[in-house]
Amino acid sequence: MAPPDSVLDTNRVRHAWNLPDPLATAVARTEDDTPIVLRRHGDPTGSRLVLSHGNGLATDLYYPFWSLLTSRFDLVLYDLRNHGCNPPSNTGNHDVATFARDNDRVFRAIGEHFGEKPWTGVFHSLSAVAALNQAPPGGGAAALVLFDPPIFPSSGDPLEIDSVWQRLRIVTRLRQGRFENRAQFAATFRRSPMFAKAVPGLADLAARVLLRPACHGGGYELCCPLEYEARIFEYIFAYNYEPDPGKIPCPVKVIGGDPTVPFSFLPSIDPAGVTGFRYDFVPETTHFLQLENPAECAAIMLRFLEQEGLA
């Protein structure tokens with residue numbers, strides 16, 4: 001299962017990550033009737049993976065990662081409310097507790113629309129926190145693969161992570177949220193130190209999947225408004241905790257960024273905090289490891305799934 005040449009050839013300045021059309025789409029309805037769009041890709045006869053994303057992003061942005069899985073797995077993608085393909089909803093319901101309740105409806109709808117089968121949740125950052133805050137954690141998944149869940153501060157001090165959250169809240173509100181065109185956003189994305197290690201071409205993909213035409217006036221705006229993204233940083237500490245592996249009713253694989261790499265967004269997780277889980281990390285990557293070394297992320301995950309008989 002070789003990665004695309006673009007992942008291997010780092011000399012290329014750009015690569016066109018052309019998203020395929022989904023095999024099928026469906027809509028899950030949450031408790032407050034917010035629509036969550038489901039997209040099915042890959043091989044419907046394969047083992048099922050359910051994927052979601054980090055704060056302010058969209059699952060389609062992770063195409064360099066999940067494109068490596070389409071020949072072997074039945075993939076179901078969804079975005080958290082107010083992100084990606086979903087329409088905007090009430091900011092008052094934009095928090096981890098709501099995302100966790102939404103997940104209950106999303107996972108049920110996946111079985112209703114695409115057929116029941118065991119599935120593995122593949123979640124990064126915010127979506128990993130939401131999955132861990134379900135009751136039970138994982139929401140019925142056969143296994144969980146959590147990419148850099150931001151719940152184990154590298155210093156071991158739980159207050160460290162909240163100080164990082166609050167800095168990010170302030171910085172987020174100062175960022176630009178509206179753009180004249182997609183090219184302007186792509187140029188801004190390329191200059192961001194957060195994505196300095198991203199695979200070639202990711203900025204152009206981001207300009208396609210993280211923006212929508214502005215509701216008022218011309219130009220484009222972020223699918224997830226900055227105020228919504230900042231709201232998560234402001235209150236997420238209430239949902240950060242060190243989960244007990246014995247209370248999660250399925251196998252869990254935690255894959256982190258390199259804990260020795262200086263961070264431009266979040267410090268990677270403390271390996272000592274995940275001793276009860278099967279932990280691994282991808283060298284020379286940051287919190288956005290799936291966007292930086294997708295091939296190695298996929299390989300580590302695949303080994304885990306094969307060990308669990310889920311591949």
Side-chain angles (χ1 to χ4, degrees), residues 1-3 20 22-24 26 28 38-54 59-60 62-79 100 103-149 151 243-256 269 274-282 289-290 293-311:
M1 190 172 63
L23 300 176
L38 313 176
R39 290 99 67 200
R40 193 181 198 185
H41 291 271
D43 179 3
T45 68
S47 299
R48 177 170 291 165
L49 305 180
V50 176
L51 299 90
S52 199
H53 59 84
T59 311
D60 282 345
Y62 297 68
Y63 180 61
F65 167 73
W66 60 259
S67 66
L68 306 178
L69 309 170
T70 54
S71 65
R72 185 166 180 175
F73 292 94
D74 178 18
L75 306 180
V76 180
L77 282 55
Y78 75 99
D79 301 317
N103 277 353
D104 294 335
R105 297 293 187 96
V106 166
F107 300 159
R108 190 183 315 154
I110 289 172
E112 292 171 353
H113 290 288
F114 303 137
E116 298 286 352
K117 67 164 76 172
W119 56 275
T120 297
V122 182
F123 302 126
H124 172 236
S125 193
L126 177 58
S127 61
V129 174
L132 289 172
N133 276 274
Q134 286 185 258
L144 291 173
V145 179
L146 307 180
F147 283 95
D148 217 45
I151 52 178
D244 180 355
K247 295 182 179 180
I248 301 180
C250 66
V252 180
K253 178 72 173 179
V254 174
I255 305 174
I269 56 181
V274 290
T275 53
F277 297 99
R278 278 172 273 190
Y279 167 75
D280 213 331
F281 71 89
V282 180
L289 61 165
Q290 292 157 285
N293 192 341
E296 185 61 20
C297 289
I300 294 173
M301 182 182 73
L302 185 58
R303 288 195 292 270
F304 166 71
L305 295 176
E306 289 173 339
Q307 291 167 1
E308 295 300 323
L310 295 169

Could you tell me the separation between the CG atom of Leu77 and the CZ atom of Arg40, rounded to the nearest 0.5 Å? 12.0 Å
Rounded to the nearest 0.5 Å, what's the gap from CZ on Phe123 to CG on Leu49? Could you check? 10.0 Å
Nearest non-hydrogen partners of Pro118 and Ala142, listed with the distance: CB-CB, 4.2 Å
Supply the atom-to-atom distance Leu69 CG to Asp43 CG, rounded to the nearest 0.5 angstrom. 12.0 Å
Could you report the tightest heavy-atom contact between Ser52 and Thr59, atom names first, then the distance? CA-OG1, 3.5 Å
Non-hydrogen side-chain atoms of Phe277 and Ile248 separated by less than 4.5 Å: yes
Looking at side-chain heavy atoms only, is the closest gap between Thr120 and Ser47 below 4.5 Å? no
Mind running side-chain contact (heavy atoms from CB on, under 4.5 Å) on Arg278 and Glu308 for me, showing each step along the way? CA-CA 12 Å; Arg278 278 172 273 190; Glu308 295 300 323; 2.5 Å; yes
Output all residues satisfying side chain to side chain donor-acceptor pair (under 3.5 Å) with Asp60, sequence neighbours left out; order by chain, then residue number. Arg39
Test side-chain contact (heavy atoms from CB on, under 4.5 Å) on Arg48 and Glu116; report intermediate values, then the result. CA-CA 10 Å; Arg48 177 170 291 165; Glu116 298 286 352; 6.0 Å; no
Considering only heavy atoms from C-beta outward, does the side chain of His41 approach that of Pro20 to under 4.5 Å? yes
Under 3.5 Å: donor-acceptor pair, side chain of Ser67, backbone of Tyr63: yes
Do NZ/NE/NH1/NH2 and the carboxylate oxygens of Glu306 and Arg72 come within less than 4.0 Å? yes
For Leu75 and Trp66, work out which heavy atoms get closest and say how close. CD1-O, 3.6 Å
Please report the interatomic distance CG(Leu144) to CG(Leu132), rounded to the nearest 0.5 Å. 7.0 Å
On a heavy-atom basis, which atom in Gly46 and which in Asp74 lie closest, and how many Å separate them? O-CB, 3.5 Å
Heavy-atom pair with the smallest gap, counting every atom of Ala28 and Val106: CB-CA, 4.0 Å
Working to the nearest 0.5 angstrom, can you tell me the gap between Met301 CE and Asp280 CG? 13.0 Å
Begin from the C-alpha positions of Phe304 and Ile255 and carry the test side-chain contact (heavy atoms from CB on, under 4.5 Å) through to its verdict. CA-CA 11 Å; Phe304 166 71; Ile255 305 174; over 6 Å; no
Check against side-chain contact (heavy atoms from CB on, under 4.5 Å), Tyr62 and Leu51: CA-CA 9 Å; Tyr62 297 68; Leu51 299 90; over 6 Å; no
Any idea how Phe107 and Trp119 line up, ring-wise: parallel (<30°), tilted (30 to 60°), or perpendicular (>60°)? tilted
Rounded to the nearest 0.5 Å, how far apart are NZ of Lys253 and CG of Leu305? 10.0 Å
With under 30° as parallel and over 60° as perpendicular, where do the rings of Phe65 and Phe147 fit, or are they tilted in between? perpendicular
Shortest non-hydrogen pair, Pro249 vs Pro136, comes out as CG-CB, 3.9 Å
